[in-house]
2 protein chains.
Amino acid sequence: MTSASVQNYLKAIYQLQENSETVTTTALAQHLDISAASATNMIKKLARLKLVRHSPYHGVELTTAGEKMALEVLRHHRLIELFLAEALDVPWELVHAEAEKIEHVISEDLEDRIANFLGDPERDPHGDPIPTKAGTVERPEYQSLLDVGAGQSAVIQRVSDQNPEHLKHFSKLGLIPDATVDVLSREPFDGPLRVRVASGREHTLDETLARAIWVTPTVEKKAYRAKSKSHV
Amino acid sequence: MTSASVQNYLKAIYQLQENSETVTTTALAQHLDISAASATNMIKKLARLKLVRHSPYHGVELTTAGEKMALEVLRHHRLIELFLAEALDVPWELVHAEAEKIEHVISEDLEDRIANFLGDPERDPHGDPIPTKAGTVERPEYQSLLDVGAGQSAVIQRVSDQNPEHLKHFSKLGLIPDATVDVLSREPFDGPLRVRVASGREHTLDETLARAIWVTPTVEKKAYRAKSKSHV
DNA sequence: TAAAAAATTTAGCCGCGACTAAATTTAGTT
DNA sequence: AACTAAATTTAGTCGCGGCTAAATTTTTTA
């Protein structure tokens, strides 16, 4: 039986690995809100368990076994998020915190029943892909809303679930997965972004907020022109 | 924040108090499957927290505060049991083990949503009363199936959820809450009991099994005669 | 009622997963 | 290349909630 702590560390390492190749002790400690010394301790334990490779002073990396465990926890987490939203109408910004605790205590059997209830879904309410039972995940390459040029449209695919306040705000603004946004303007130097949502309402998003939204740009005339230009 | 351990101790003490006035260290230790020394340790901690009164060498008793907490845990437990059975079709004999873990990690908000989803139910799938949010519980006085005389009928009100094997067996036999059973015969010296269920099938129950089933006798001619006799 | 048995508590230990303070290694200057 | 700053690890501690062995109290029995 692997403890909730071990599961949380593996999950955190997995998520940090999604952004940067190598995961540092400090990044891990910050992500989990613990001291760096505590992180080192646990890293050594995980290395003993062959769940991570530790290159002292240089970082940590999941082994195949470690990644498998991380994906199991993530599967639990995301299934539970979706289940709470669907079955109990738990609001978007609350499902993460609730799933964070429940993910460690459900049985395989209950996991299967939840997945079945939901029809083996592929995404959680924030647009994060749900790992399969077999231990595989999609790794779609989305673009940050920050990097969408003025005049372009994009479809929201994923919204980071790290900050409940942000999520609450996003849902109020209609910035949820599958929604289309038009980027109206962009201030220089990572300044705020002006967007219009499907309802026609316009909103301003600062850098931090825009960075939490991941999109695929919609293909439209402007984009085509830009593309043909670059070919000349 | 009170730990899962503390919650489990309080719940165990509450349940033991339902049967015997005073709860001994040994009974508590056996119920929780830990050593008596560990139980003493925790009892002293609970006494410091003013959740129990401890009379050394003589036993332990919940304070008002302790009972309130025990009932909160029990409410979680029983709501979760019913929810898993209703929403996910988790079989009768499995909901207890699952609820045993989840009960410690759900928020008040989730508790409320589950209760609402279920329509503020009064009983869990085994017939145990669900404590109210306010911290009150029904304490129905049922009779053990063991004490029903041959020739009498009874309606099952509650089945002890302590043993999943027994539960599985009971459900196969149709011995579930609200079912009617006719007691056909009873061997002396706590010997086995012969019963007929609504479907017409007949089954034999040994003492341990019969002790786990709680009923209210149905009022029929024999019972009336007995009653009028005692008035003479 | 005294001795034996059973129950309970005390004393001391352990693993887990946090922590701080201090030592060490690495990376970034100048 | 040497010095400094930052990152990381080591050393040592703590609370939690288990444990065993030994001491103590209560209960039972002879």
Side-chain angles (χ1 to χ4, degrees), chain A residues 1-17 19-62 66 69-70 73 100-101 103-105, chain B residues 1-17 19-62 66 69-70 73 100-101 103-105:
Chain A
M1 217 49 229
T2 104
S3 71
S5 278
V6 166
Q7 292 179 6
N8 280 333
Y9 273 91
L10 294 174
K11 192 174 54 150
I13 296 170
Y14 181 89
Q15 287 172 328
L16 291 168
Q17 273 187 354
N19 301 325
S20 51
E21 283 310 302
T22 168
V23 174
T24 66
T25 301
T26 306
L28 186 54
Q30 275 170 4
H31 190 93
L32 293 171
D33 197 25
I34 55 171
S35 72
S38 299
T40 299
N41 262 338
M42 181 57 94
I43 287 169
K44 289 169 74 179
K45 174 181 178 168
L46 296 177
R48 275 199 307 278
L49 294 172
K50 298 269 164 68
L51 296 172
V52 303
R53 273 179 296 279
H54 185 208
S55 150
Y57 292 100
H58 291 290
V60 72
E61 196 185 7
L62 291 176
M69 274 196 183
V73 182
E100 203 73 4
K101 297 172 293 172
E103 65 188 9
H104 305 297
V105 300
Chain B
M1 216 48 227
T2 106
S3 71
S5 279
V6 166
Q7 292 178 8
N8 280 332
Y9 273 91
L10 294 174
K11 191 173 51 151
I13 296 169
Y14 182 90
Q15 286 172 329
L16 291 168
Q17 273 187 353
N19 301 325
S20 51
E21 283 309 303
T22 166
V23 175
T24 66
T25 301
T26 305
L28 186 54
Q30 274 170 5
H31 190 93
L32 293 171
D33 197 26
I34 55 172
S35 72
S38 299
T40 300
N41 262 336
M42 181 57 95
I43 287 170
K44 288 170 72 179
K45 175 181 177 168
L46 295 177
R48 273 200 308 277
L49 293 172
K50 299 267 163 69
L51 297 172
V52 303
R53 271 179 296 278
H54 184 209
S55 149
Y57 292 101
H58 291 289
V60 71
E61 195 186 8
L62 291 175
M69 274 197 183
V73 181
E100 204 71 5
K101 297 173 294 172
E103 65 189 9
H104 305 296
V105 300

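Values below: every heavy atom of this structure, side chains too, minus hydrogens, waters and symmetry copies. Note that the structure is predicted; figures quoted are calculated from it, not measured.
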Tell me the interatomic distance from A:L49, atom CG, to C:dG15, atom P, rounded to whole angstroms.
15 Å
Side chains of A:V52 and A:I13: closer than 4.5 Å at any heavy-atom pair?
yes
Please examine the side chains of B:Q17 and B:E61, heavy atoms only from C-beta on, and report whether any two atoms are closer than 4.5 Å.
yes
Does B:H104 reach the side chain of B:N8, with side-chain heavy atoms less than 4.5 Å apart?
yes
Could you check how far CG of B:N41 sits from P of C:dC13, rounded to whole Å?
15 Å
B:A37 or B:R48, whichever maps to the more 5' nucleotide of DNA chain D:
B:R48
Rounding to an integer number of Å, can you tell me how far A:I34 CD1 sits from D:dC14 C1'?
16 Å
Interatomic distance where CG belongs to B:N8 and C1' belongs to D:dG18 [whole Å]
14 Å
Atom-pair distance (NZ on A:K44; C1' on C:dG15), nearest Å
16 Å
For A:L28 and D:dA7, give me the distance from atom CG to atom P, rounded to whole Å.
15 Å
Euclidean distance, A:L46 CG relative to A:R53 CZ, rounded to 0.5 Å
13.0 Å
Check every atom of D:dC16, C:dT9, D:dT9 against the side chain of A:T40 and return the nucleotide holding the closest atom.
D:dT9
OH of B:Y57 versus C1' of C:dT9: gap in Å, rounded?
4 Å
Between B:L51 and B:V6, is any pair of side-chain heavy atoms under 4.5 Å apart?
yes
Below the 4.0 Å mark, does D:dG18 have OP1 or OP2 next to a side-chain nitrogen or oxygen of B:S5?
yes
Mind calculating the distance between NE2 (A:H54) and C1' (D:dA7) to the nearest angstrom?
11 Å
For C:dA18, does OP1 or OP2 lie under 4.0 Å from any side-chain N or O of A:Y9?
yes
Any base atoms under 4.0 Å from B:S35, or only sugar-phosphate, or nothing? Heavy atoms, all strands.
base
On DNA chain C, compare the nucleotides closest to A:V6 and A:H58; which residue's is nearer the 5' end?
A:V6
Students often get this wrong, so: under 4.0 angstrom with heavy atoms, is A:S38 touching a base, only sugar-phosphate, or nothing?
base
OP1 or OP2 of C:dG17 versus the side-chain N and O atoms of A:S3: is any pair under 4.0 Å?
yes
When we call it a touch if two heavy atoms are under 4.0 Å apart, what does B:A39 touch: a base, just sugar-phosphate, or nothing?
nothing
